[in-house]
Amino acid sequence: MKQVLTGTALAAVLALGSGNALASVKVGFMLPYSGTYAALGQAIENGFKLYVQEQGGKLAGQDLEYFQVDDESNPSKAPDNANRLIKRDQVDILVGTVHSGVAMALAKAAKDSDTTLIIPNAGADTITGPLCSKNIFRTSFSNWQPSYAMGPVAVEKGYKTAVTVTWNYAAGKEAIAGFKESFEKQGGKVIKELTLPFPNVEFQPLLTEVASLKPDAVFTFFAGGGAVKFVQDYAASGLGKSVALLSSGFMTDGTLKAQGEAAQGLFTTLHYADGLNTPRDNAFRANYSKSYPAMQPDVYAVQGYDAAQLLGAGLKAVNGDVSKKEDMRSAMSAATIDSPRGPFTLSKAGNPIQDIYLRQVKGEQNLSQGVAIKALADPARGCRL
Ligand code: PHB
């Protein structure tokens, strides 16, 4: 009987015919495609695919096959979701995720199955701390990094007391700890730490408490849909006139169109900014806008783009043969990534050593005000490699 080959089967036969015996590299995206972080997950995937497209649709000559799981930023579903990609789809590479709690479960599943994991956002300090591992890489940040950079900025602006407000989960807690460490080291004082459960957005009682505490500044960690609402509620409360609102840059990245007037003038610290005006960043932004006209390039797109660059560096070293895991991972650890944010290398724990920018919101841009801390490395407390 004559067989008709379609899709993947046909591609495999054609690949064999051309003398390339390697199957496509299976890449599993575990990202939030729904919920408060949905736009972040989409931007990461867009960025990843943009880099692959710029390389002619392949990495190191290899075709890629994509698999997707919507993790919903739900840690309780994370072990099952990770195993869908690892066991059912048998992916070679995991790319995920946004939420730190989900990422910790994903990191464990990656470690148990010896799958290479590239984290394109989630900052959980523990992943490049006590849980660090040679198969785990991050192209984003540790939660400590961008927030640590805001402490000295706040002191320089003359703020002596601060109240912190965040979601009560790893990313929020670690971001606040990073800010508190550097702010108090320079003589500032965090007088109260307020939280609400993730991903709740009932901010009013917390803002009332801030008003009664009368600090010089508020420092927050919020992102995605929740950040849009927080900035709007803060402006509506009138607090902005007497209490400066400071944050890591997630609060205003990918959110400015929705935040509008409420975000104008806000200062944040992050490893990416608008207006860098380097040839590398300008080229990235032009290509991103061409491929995704409805979206503005943001930090999440950059982190996804760099995840593909890091994978490309690993695949290149093994001529596309993902079965050579150790050689691929050594090349990834040693890579210098030519990121739109500026070039970076990875620490021994696998986390970017990178400049953190001070940015200020103007219109729909987080305009760079210069580098707040140069080549900031996460302390990787507890990592033994
Ligand atoms: C995190 O959970 O680690 C996280 C989520 C969203 C961000 C940054 C960090 O924008």
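Basis for what follows: all heavy atoms, side chains included, without hydrogens, waters or symmetry-related copies. Keep in mind the model is a prediction, meaning the values are calculated, not measured. Numbering of ligands and ligand atoms starts at 1, following listing order.
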Are Asp125 and Lys173 close enough for a salt bridge, meaning some N to O gap below 4.0 Å?
no
With no hydrogens and no angle check, do the side chains of Tyr305 and Glu54 hold a donor and an acceptor under 3.5 Å apart?
yes
Residues Asp338, Arg280: salt bridge by 4.0 Å N-O rule
yes
Which residue in the set Trp167, Tyr234, Phe222 passes ring-ring contact (aromatic ring centres under 6.0 Å, His included) when paired with Phe203?
Phe222
Asp274 and Arg285 ion-paired at < 4.0 Å
yes
At a 4.0 angstrom heavy-atom cut-off, what protein residues surround ligand 1?
Tyr37, Leu40, Val98, His99, Ser100, Asn121, Ala122, Gly123, Phe141, Asn143, Tyr169, Ala171, Phe221, Ala223, Phe250, Tyr300
Could Arg84 and Asp80 be called an ion pair, given the rule that one side-chain N must be under 4.0 Å from one carboxylate O?
no
